[in-house]
Protein chains: 2
Amino acid sequence: MVYRRTHQVVKRLAARRSAILSAARDAAAAGGMAAVQIAPVAVRANVAAGTVYRYFPSKAELISELITEVSRDELTAIRRAADAAPGPSSALAAAVTTIAVHVLSQRKLAWGILAEPVDVDVTASRLASRRDISGELAMRIDAAVRAGHLPAQDTALAATALLGALHEALVGPLAPANLDDPIKLRDAVQTVTLLALRAVGVMDARARGLVVQATTPAKALVGA
Amino acid sequence: MVYRRTHQVVKRLAARRSAILSAARDAAAAGGMAAVQIAPVAVRANVAAGTVYRYFPSKAELISELITEVSRDELTAIRRAADAAPGPSSALAAAVTTIAVHVLSQRKLAWGILAEPVDVDVTASRLASRRDISGELAMRIDAAVRAGHLPAQDTALAATALLGALHEALVGPLAPANLDDPIKLRDAVQTVTLLALRAVGVMDARARGLVVQATTPAKALVGA
DNA sequence: ATTCAGTCTGAATAGTTGTTCACTTCTTCA
DNA sequence: TGAAGAAGTGAACAACTATTCAGACTGAAT
């Protein structure tokens, strides 16, 4: 007698897996990584604690997958925004703005993915996440350099520094309060974008123009 | 019968306290905050675990004080370097370089103080540490702005962004490897300093000059 | 020398959560 | 419908460390 999974069962299993992952994501978005505990996540996903382990070998694995997923979404958004820009400098500006807006609209999640203390080892997936996004930024910077818009530089280091600046300024503990106010939020995004562009060598006047340009399509997301 | 602490005893108590704090600092410098555990720290300080609690009410308090101490040293170094500079722009460059050099020469410690996951709540002292150093940077930026060397800007946000950039680029998981090589280390310091200065609006050409100037007195520390 | 407050010790305790597993429930197929 | 394998359950377990505390020790005062 051979037991074979029905299509229906396969679908249900997949749905459960994704429900657990979603529950974890919701928990992280609401309360940071600290809130991603097996028991609460299981409750949110309408399963028992033990069931989580039928889908993920460990909490570390669950969180790693969560990080990977969020990171992938982020990368997609960055690429889309940058690719839609008319030139390398605009693309860079768009990439930076996209990161800023995303990070701000999901502050707790971003902080959790990036830097929040977690009790299990997720350094590998965090590293991958950073590497991917930093790499994308580096490529955009490089394109602008090759186009002659920016001075030659260590693009990898520059990209990493930009990421750090964005995160610390927007979701770190010193991030300005009241970023729920759409106006302040937009200002913050523009300020850090300007800072980032100047950092890699865009002239001040030109940078200001790029910032305004890049903020326009992002308005919907920012809500202002 | 009145028991009164002899001067000798007072001194011994103070010495013990500082030995415990030093042990914690050594542990953090060697293995990050994860290595700051009560039992090992007690061993390093040549006391029993329980004794630690006669000097610090909790691990959180111990680590908080450690953070405060390191942060104070850091701030002192920044001020000294900046005050010795000939003008506001040089002072800013000196401050940035100092942070970079310090952070690099004590990478594990810096990471532990700033961002490493800890199992107890030390957000308050970390926040204070960041606020102090970011505040100092903001003052230096502001001075340069008032001197007409930089465009007007949100100096607090800029300072925070710079801090983030420095840390992520130099001690974050994407920091370049082989920073033990003095040459590479110096290059990294110069690169991020240049990036930081341009970010706040220093013109590229001028920024390069300032970087070289600021790196010179730091050479001893960098060891190159 | 004796007393005793103050100090130190370190084994035992306690609280927190990830993980397991014996058992129940569900699903497939003859 | 019943047998057997797969999936789900949740209470019990395990591991890790901060913290405690009853008793040992130190050294100041008489």
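Reminder, nothing fancy here: chain letters follow the sequence lines and each chain counts from 1. Remember, predicted model here, so these are calculated numbers, not experimental data.
Within residues 24-36 of chain A, no residue places a heavy atom under 4.0 Å from DNA chain D. The stretch residues 56-64 of chain B comes close to DNA chain D through B:S58, B:K59, each having a heavy atom under 4.0 Å from the strand. Shown for residues 10-18 of chain A: residues whose heavy atoms fall under 4.0 angstrom of DNA chain D, namely A:R12, A:L13, A:R16.
In this structure, the CD atom of B:Q8 is 9 Å from the C1' atom of D:dG27, given to the nearest Å. Atom CD1 in A:I38 sits about 17 Å away from atom C1' in C:dC21, given to the nearest Å. A straight line from CD of B:Q37 to P of D:dT17 spans 5 Å, rounded to a whole angstrom. C:dT28 atom P lies 12 Å from atom NE2 of A:H7, rounded to whole Å. If you measure from atom CG of B:N46 to atom P of C:dG10, you get 11 Å, rounded to the nearest angstrom.
For residues 8-20 of chain B, the set of pairs meeting the salt bridge (charged side-chain N to carboxylate O under 4.0 Å, His left out) definition, not counting sequence neighbours, comprises B:R17-B:E65. Contacts classified as salt bridge (charged side-chain N to carboxylate O under 4.0 Å, His left out) and involving residues 97-113 of chain A (residues at least two apart or in different chains) are given here: A:R107-A:D180. Residue pairs that meet the salt bridge (charged side-chain N to carboxylate O under 4.0 Å, His left out) test with at least one member in residues 47-60 of chain B, sequence neighbours left out, are B:K59-B:D119.
For B:A159, the side chain to side chain contact (heavy atoms under 4.5 Å, CB included) partners at least two apart in sequence or on another chain are B:S134, B:L137, B:A138, B:I141. Residues satisfying the side-chain hydrogen bond (donor to acceptor under 3.5 Å, both in side chains) test with B:Q153, not counting sequence neighbours, are none. Checked against side-chain hydrogen bond (donor to acceptor under 3.5 Å, both in side chains), B:S64 has the following partners two or more places apart in sequence or in another chain: B:S125. A search for side-chain hydrogen bond (donor to acceptor under 3.5 Å, both in side chains) contacts involving B:N178 returns nothing, not counting sequence neighbours.
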For residues 42-49 of chain A, which side-chain N or O atoms pair as donor and acceptor with protein atoms under 3.5 Å away, sequence neighbours left out?
none

Scan the side chains in residues 24-34 of chain B for donor-acceptor partners under 3.5 Å anywhere in the protein, sequence neighbours excluded, and list what turns up.
from: B:R25; atom 1: NH1; to: B:E69; atom 2: OE1; distance (Å): 2.8
from: B:R25; atom 1: NH1; to: B:D73; atom 2: OD2; distance (Å): 3.2
from: B:R25; atom 1: NH2; to: B:D73; atom 2: OD2; distance (Å): 3.3

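Remark: the A:E168 side chain and the B:T160 side chain contain no N/O donor-acceptor pair separated by less than 3.5 Å.
Among the nucleotides D:dG10, C:dG18, C:dT9, the one closest to any side-chain atom of A:D119 is C:dG18. For A:A49, whose side chain is taken as the heavy atoms from C-beta onward, the closest listed nucleotide among C:dT17, D:dA28, D:dG10 is D:dG10.
The shortest distance between the side-chain N/O atoms of A:Y53 and the OP1/OP2 oxygens of D:dT9 is not below 4.0 Å.
The minimum heavy-atom distance linking B:D154 with B:L157 is given by the pair OD1-N, 3.0 Å.
Among the atoms of the strands shown, only primed sugar atoms or phosphate atoms (P, OP1, OP2) are found under 4.0 Å from some heavy atom of A:V47.
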